[in-house]
Amino acid sequence: MNLEMQRFKAEFFKALAHPLRIRILEVLAEGEKSVNEIQTHVGSEGSAVSQQLQILRAKNIVSGTKDGNKVIYTLKDPMIIELLAVARQIFNNHLVDTITILDRFKDDEEVPAAPKN
């Protein structure tokens with residue numbers, strides 16, 4: 001893999017490395033939204049949402065189109081939806097692994113003591 005591609009990936013994932021930006025992308029995965037709609041869905045103040053949208057726009061992850069006096073945002077690439085789904089599956093896999101480990105510890109603690117003679 002060439003260095004340019006590695007840099008692109010690093011910058012791309014860096015742009016996603018914020019919980020509010022991820023939440024915004026999850027909201028936009030449902031369809032295009034205005035800043036006010038995004039703000040309502042994520043439960044965050046407008047300035048924080050606008051700041052994160054600016055970062056996502058700068059990294060070419062979302063695009064904004066003027067509609068009267070508001071801007072409508074959309075995902076630039078629908079594959080973002082798949083990426084978020086894959087990330088959720090990876091999280092679930094980690095969760096299953098953790099639960100399995102905890103179950104093993106629980107089973108080890110529940111081994112009955114040998115009867116005394």
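The backbone N or O of L56 lies less than 3.5 Å from no partner atom in the side chain of R21, so there is not a single donor-acceptor pair. N2 places a side-chain N or O within 3.5 Å of a backbone atom of M5 that can act as its donor or acceptor partner. The main-chain N or O of S34 is found under 3.5 Å from a side-chain atom of E37 such that the two form a donor-acceptor pair.
The nearest pair of heavy atoms linking Q39 to S44 is CG-O, 2.7 Å. Here the closest non-hydrogen pair linking V27 and H41 is CG2-CB, 3.6 Å. Shortest non-hydrogen contact noted between R57 and G64 is NH2-O, 3.6 Å. In plain terms, the two heavy atoms of A15 and K59 that are nearest each other are CB-CG, 3.5 Å.
Side-chain contact between L20 and V42 is present, with heavy atoms from C-beta onward closer than 4.5 Å. Two residues are said to be in side-chain contact when any heavy atoms from C-beta on lie closer than 4.5 Å; V35 and L53 meet this criterion. At a threshold of 4.5 Å between non-hydrogen side-chain atoms, the residues T65 and T74 do not count as touching.
Note: the hydrophobic cluster containing F91 does not contain V86 (ILVMFWY, side chain heavy atoms under 4.5 Å, direct or indirect links). I61 and I72 are not part of a single hydrophobic cluster, where members link through side-chain heavy atoms under 4.5 Å apart. I22 and I55 end up in different hydrophobic clusters when Ile, Leu, Val, Met, Phe, Trp and Tyr side chains are linked at under 4.5 Å.
Ionic pairing of E4 and R7 is not present here: no N-O contact between side-chain nitrogen and carboxylate oxygen is shorter than 4.0 angstrom.
Here Q52 contributes atom CD and L25 contributes atom CG; the two are 10.5 Å apart, rounded to the nearest 0.5 Å. Taken from CD in E82 to CG in D77, the straight-line distance is 9.0 Å, to the nearest 0.5 Å. F12 CZ to L83 CG: the interatomic distance, rounded to the nearest 0.5 Å, is 5.5 Å. Note that the CD1 atom of I81 and the CG atom of L28 stand 9.5 Å from one another [nearest 0.5 Å]. Residue L16 holds its CG atom at 12.0 Å from NE2 of H18, rounded to the nearest 0.5 Å.
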Intermediate values then yes/no, side-chain hydrogen bond (donor to acceptor under 3.5 Å, both in side chains), Q89 and N93: CA-CA 6 Å; Q89 187 58 52; N93 292 345; 3.0 Å; yes
Criterion side chain to side chain contact (heavy atoms under 4.5 Å, CB included) on N36 and K70, from CA distance to verdict: CA-CA 9 Å; N36 288 338; K70 61 183 175 180; over 6 Å; no
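Of the listed residues (R23, K33, E32), just one forms a side chain to side chain contact (heavy atoms under 4.5 Å, CB included) with I38, and that residue is K33.
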